[in-house]
2 protein chains.
Amino acid sequence: MSNSTPATIEDVARIAEVSIATVSRAIHMPEKVANSTRLKVNQAIAITGYTTNAMARSLRLGRSNMILVVAPDIGDPNFSNILIGLENEARAHGYGVLIGHTQNDAQRGLEYLKFFNSNQAAGLILFTGILPFGHQMVTAQLPPSVGVFEPVFNGGIPYVGVDDMEGARKAVDLLLAEGHRKIAFIGDSRTRLAYNRRRQGYDAGLDAAGVPKDTRIVLEGDGTIESGRHAVEQLFMRDTLPTAFMCVNDQTAIGVMIGLNARSYNIPQDFSVTGFDDVPQAVFMSPSLTTIRQPRTAIGKQAMALLLELLSDGRPAETEILLRPDLVVRNSVSAPPRNWQKR
Amino acid sequence: MSNSTPATIEDVARIAEVSIATVSRAIHMPEKVANSTRLKVNQAIAITGYTTNAMARSLRLGRSNMILVVAPDIGDPNFSNILIGLENEARAHGYGVLIGHTQNDAQRGLEYLKFFNSNQAAGLILFTGILPFGHQMVTAQLPPSVGVFEPVFNGGIPYVGVDDMEGARKAVDLLLAEGHRKIAFIGDSRTRLAYNRRRQGYDAGLDAAGVPKDTRIVLEGDGTIESGRHAVEQLFMRDTLPTAFMCVNDQTAIGVMIGLNARSYNIPQDFSVTGFDDVPQAVFMSPSLTTIRQPRTAIGKQAMALLLELLSDGRPAETEILLRPDLVVRNSVSAPPRNWQKR
DNA sequence: TTGTACGCGTTATCAT
DNA sequence: ATGATAACGCGTACAA
């Protein structure tokens, strides 16, 4: 029971007085083995505390039952809920989930690719807009992979996420309905496709409402709190103030709120703010943040389902699954102040 | 170069016109092989894109070069920085890091134990106060493990963390120095040893200052935002108000601040608040949160160093490494209001 | 300096 | 219904 080395199938066979083949069958094809012997085997397993050596099993089978989730940033508040969706779906199909943290470093990405190449993982879930393995040489033979949360640029990898354009559209439409006409977009980005699509939603909303677009109030940003804060400062410096800030994600929105706060403005009386993602903190802000919710657990579940399908069928049914984002109305949006021009 | 099945050592041997033993040696003991043949082998490796199959290697060797980090909650804001320390140290010694997420579920813990038992991991880093594998049966033969961030109750596992008592002492001493005498402790816990030690620091500080302890203002809590909020409500209901809230961690402190805010009190004019951990949000709160900083990256580095030592020497040099926590003074603490009794 | 052959723990094939 | 055995890819003792 407490041997120094783990029990092997052979130990079980010896105790059950059968061959190792029978033990293996008793485990994996119970119906092909006599009741009496199955009982003996099960007892022997209980006695020895036997656990099949996944390493040997995978070596023999040429595949593992682990899925590797490759994430550039574990600290992303969006990560953990998606992960739960991934894990639950994987477990339901007999797979385990491991996480590899790349810290946005291609070198580490390559190590996890190697991990896959050694059959230590059956497939990959990618949390990054670009292949995390560095150069193109790799793309020749790509492991079974599914992108999550934002599309993967290179490599034609199937992807599960939210309809970013639709979500952004909902946010801008809310602001327009409240009467805003000077709506800033904070966090335009050429490197992140998800952010790009949100920008498109913003443009589409403005167009549909016949509101002229003003690029002076569209600001670059990388999705961090700092970038939101910085954007506010820039707008005040330039003296091109909007009445509302539509932010590319919640972190940016939080930064905007902090920046506005620091200048002693009130939200939403003086300025309205919207985010995107509905991270856990959003509800705790003051005022609580009106934002777009990502169905995170559902995204995780779908992504894993897609990957498992890809593993069994060879190719996925669909190449892009977009879930519907929901508008979450809280307290950071109101009508613009009557006299905003005068400030 | 882009074959459907990965190249094996045999493929390399064939192309290099040597035996597989020589290939293996050329890789692992380059000095034991002639320069000319080593060259041929390296070329063959380049041609085939050969990568050693870690699965087979570990099966043969009986050990892997992966360290598994077992975490109950990936979303913990303390997690990601410690992880970075762990990863850097591991990489410096040729190990890779994988993360297993248990969601506080013993069943999943057991799966990761199985992962270790299959030699897929050389050792474990535990982020939990109790063994994540469920029952005691397991403890008989425990894998090489190091606890991080808080001690592991059962099993005598070496541990790297912060001196919780000293940290708490710093917080309570600050409050005392500001003149507070009614200091609530929010987040007392019998299940989490780290929190327990923080409580001890609180008690010690009060004793040293000759301030009588009042258990009515020591409240249970599980370290969540909700628990902080709840504690505030309880104190108001009972009408046993303190002038300061010393919280067991930052999340709790954030909850307390939200609760106080909801009742329209000002911090720190009406009440002072301290946290513990210095999570990233702490600096963005308004007012920014005075707290105790955990040297997270350093903790991660030390923990991994301890585990690697344990892997090579068999037993660690020390059984408990406590780093020094630092007081971070921000804006959530001031002297108590003069007239606090009258409210 | 290099090659041969065995074993790590499994599962699958083929007999029995 | 069960057992013997080959094979998965690798590292290494031993032989050459």
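In what follows, chains carry the letters A, B, and so on, assigned in the order in which the sequence lines appear, proteins first and then strands, with residues in each chain numbered from 1.
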Out of [options], which has the shortest distance to the side chain of [X]?
X       : options               : result
B:Leu59 : D:dG11, C:dG9, C:dT10 : C:dG9
B:Thr8  : D:dG9, D:dG3, D:dT12  : D:dG9
A:Thr52 : C:dT10, D:dG3, C:dA5  : C:dT10
B:Leu61 : C:dT4, D:dT12, D:dC10 : D:dT12
B:Ala56 : D:dC10, C:dT2, D:dG3  : D:dC10
A:Thr22 : D:dG9, C:dG3, D:dT2   : D:dT2
B:Ser19 : C:dT10, C:dG3, D:dT2  : C:dG3

Exercise for review: Could you tell me whether A:Thr51 contacts a base, only the sugar-phosphate backbone, or nothing, with contacts defined as non-hydrogen atoms closer than 4.0 Å?
Suggested key: sugar-phosphate
Review point. Base, sugar-phosphate, or nothing for B:Ala21, non-hydrogen atoms under 4.0 angstrom?
Key: base
Practice item. Check whether the side chains of A:Asn78 and A:Arg296 place a donor and an acceptor atom closer than 3.5 Å, and report yes or no. Key: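 Side chains of A:Asn78 and A:Arg296: pair found under 3.5 Å.
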Exercise for review: Indicate yes or no for a side-chain donor-acceptor contact from B:Thr22 to the backbone of B:Val18 under 3.5 Å, with no hydrogens or angles considered.
Suggested key: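 Here the side-chain-to-backbone pair does not exist.
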Check your understanding: Looking only at N and O atoms, is any donor in the side chain of B:Arg60 or the base of C:dG9 less than 3.5 Å from an acceptor on the other one?
Key ->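 Such a pair does not exist between side chain and base.
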